[in-house]
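These notes concern the structure reproduced below.
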Amino acid sequence: MARTQIIAGNWKMFKTIPEAQAFTQELIGSADFSGVEVVLCPPFPALWPVAQAVSGTPVRVAAQNLFWEDQGAYTGEVSAPMLREAGCRYVVIGHSERRQYFGETDETVNRKVKAALRHGLTPIVCVGERLAEREAGETFKVVERQVNSAFEGVEEAAAAGAVIAYEPVWAIGTGRTASPEDAQAVNSFIRGVFGGLYSPAAAERVRIQYGGSVTPENAASLLAQPDIDGALVGGASLKAASFVAIIDAARRVQTAR
Ligand code: 13P
């Protein structure tokens with residue numbers, strides 16, 4: 001069975017609650033969600049308002065981070081059960097900005113993946129090489145290490161339902177997208193690594209997105225690649241019109257699959 005394209009809008013640290021609500025109303029009023037999965041990733045304060053606004057629609061909500069403990073004296077942190085109660089189905093884990101600015105490591109990513117799965121949240125696990133790593137020819141080595149470590153100790157059934165986002169760090173927010181061929185090569189490699197960890201069936205099932213300067217202009221050629229099952233969109237997800245155009249591209253690709 002063909003994997004369903006999943007288009008997620010990572011708003012990063014943008015949008016107040018009223019801005020998030022206005023965006024969501026515009027999205028619901030203007031997009032056709034048939035055949036694809038659409039996920040919004042607002043900042044923490046807007047999770048519940050956005051979850052309320054999308055209730056009864058196919059749109060799902062993701063947090064951009066979580067902490068691995070369920071509760072406790074961890075000032076400033078938010079747990080998986082709290083996110084579930086706030087209406088989240090997904091959670092982005094290990095985004096390169098968190099690895100770069102907030103000390104996230106392969107080990108903390110693994111703990112967060114397990115916490116998410118324990119509480120019925122689907123992780124969107126971000127992996128991807130930095131520019132210096134790409135230039136040193138280490139892309140495959142880096143993503144292999146990140147994937148292996150993110151899923152260490154995770155059962156096959158849970159892992160196969162997760163989403164992996166390949167986001168080359170040099171392509172994030174730079175306007176410099178990976179070529180469809182390069183992105184396909186890494187996504188296909190990631191699927192192979194996942195198959196080695198689990199089974200060919202799990203590799204066939206797991207969805208692997210591409211992220212990094214995805215726009216309405218380049219979405220179709222990226223999403224048409226056989227191992228690219230959706231996009232994790234930053235900048236272009238902040239305006240309803242450009243996000244809808246990317247959803248439309250995914251819908252056309254899905255129909256052709
Ligand atoms: P941009 O689409 O702005 O490059 O951001 C990508 C990203 O980091 C999504 O998580």
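Order of listing sets the numbers, starting from 1, for every ligand and every atom in it. Just so it is clear, the structure is predicted and the values come from calculations on it, not from any experiment.
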* Does some non-hydrogen atom of Gly212 fall short of 4.0 Å from ligand 1? -> yes

* Kindly work out whether a path of hydrophobic side-chain contacts (I/L/V/M/F/W/Y, heavy atoms less than 4.5 Å apart) joins Val91 to Val163. => no

* Asked: Is the closest heavy-atom distance from Ala171 to ligand 1 below 4.0 Å?
  -> yes

* **Proximal atoms of ligand 1 relative to Leu232 (non-hydrogen, under 4.0 Å)** => 9 (C), 10 (O)

* Go through ligand 1 atom by atom and flag the ones less than 4.0 Å from a non-hydrogen atom of Ser213. => 1 (P), 2 (O), 4 (O)

* Relative to the heavy atoms of Gly173, which atoms of ligand 1 are at a distance of less than 4.0 Å? -> 1 (P), 3 (O), 4 (O)

* Asked: With a 4.0 Å cut-off, would you call Lys112 and Glu104 a salt bridge?
  -> yes

* Using a strict 4.0 Å cut-off to heavy atoms of Asn10, name the atoms of ligand 1 that fall inside it. => 9 (C), 10 (O)

* From Glu97, Gln64, Glu167 - option closest to atom 6 (C) of ligand 1 by heavy atom -> Glu167

* To do: Answer yes or no: are there more than 12 heavy-atom neighbours, outside Glu85 itself, under 6.0 Å from its atom CD?
  => no

* Which one of Arg134, Arg145, Lys141 satisfies the salt bridge (Lys or Arg N to Asp or Glu O under 4.0 Å) criterion with Glu129? -> Arg134

* Asked: Are Glu204 and Arg191 within salt-bridge range, i.e. N to O under 4.0 Å?
  -> no

* Heavy-atom nearest neighbour in the protein, as seen from atom 5 (O) of ligand 1, with distance rounded to 0.1 Å -> Lys12 NZ, 3.2 Å

* Does even one non-hydrogen atom of Gly211 get within less than 4.0 Å of ligand 1? -> no

* Determine the interplanar angle of the Phe151 and Tyr198 rings, folded into 0 to 90°, and report it as parallel if under 30°, tilted if 30 to 60°, perpendicular if over 60°. => perpendicular

* Would one find an N or O of Gly234, backbone or side chain, under 3.5 Å from an N or O of ligand 1? -> yes

* To do: Output the list of atoms in ligand 1 that are nearer than 4.0 Å to some heavy atom of Gly235, sorted by atom number.
  => 1 (P), 2 (O), 3 (O)

* With only distance considered, is Ala236 within less than 3.5 Å of ligand 1 through an N or O on each side? -> no

* **Residues Arg257, Asp229: salt bridge by 4.0 Å N-O rule** => yes

* Asked: Relative to Phe102, does Arg98 satisfy both conditions: NZ or CZ under 6.0 angstrom from the six-membered ring centre, and within 45 degrees of the ring's axis?
  -> yes

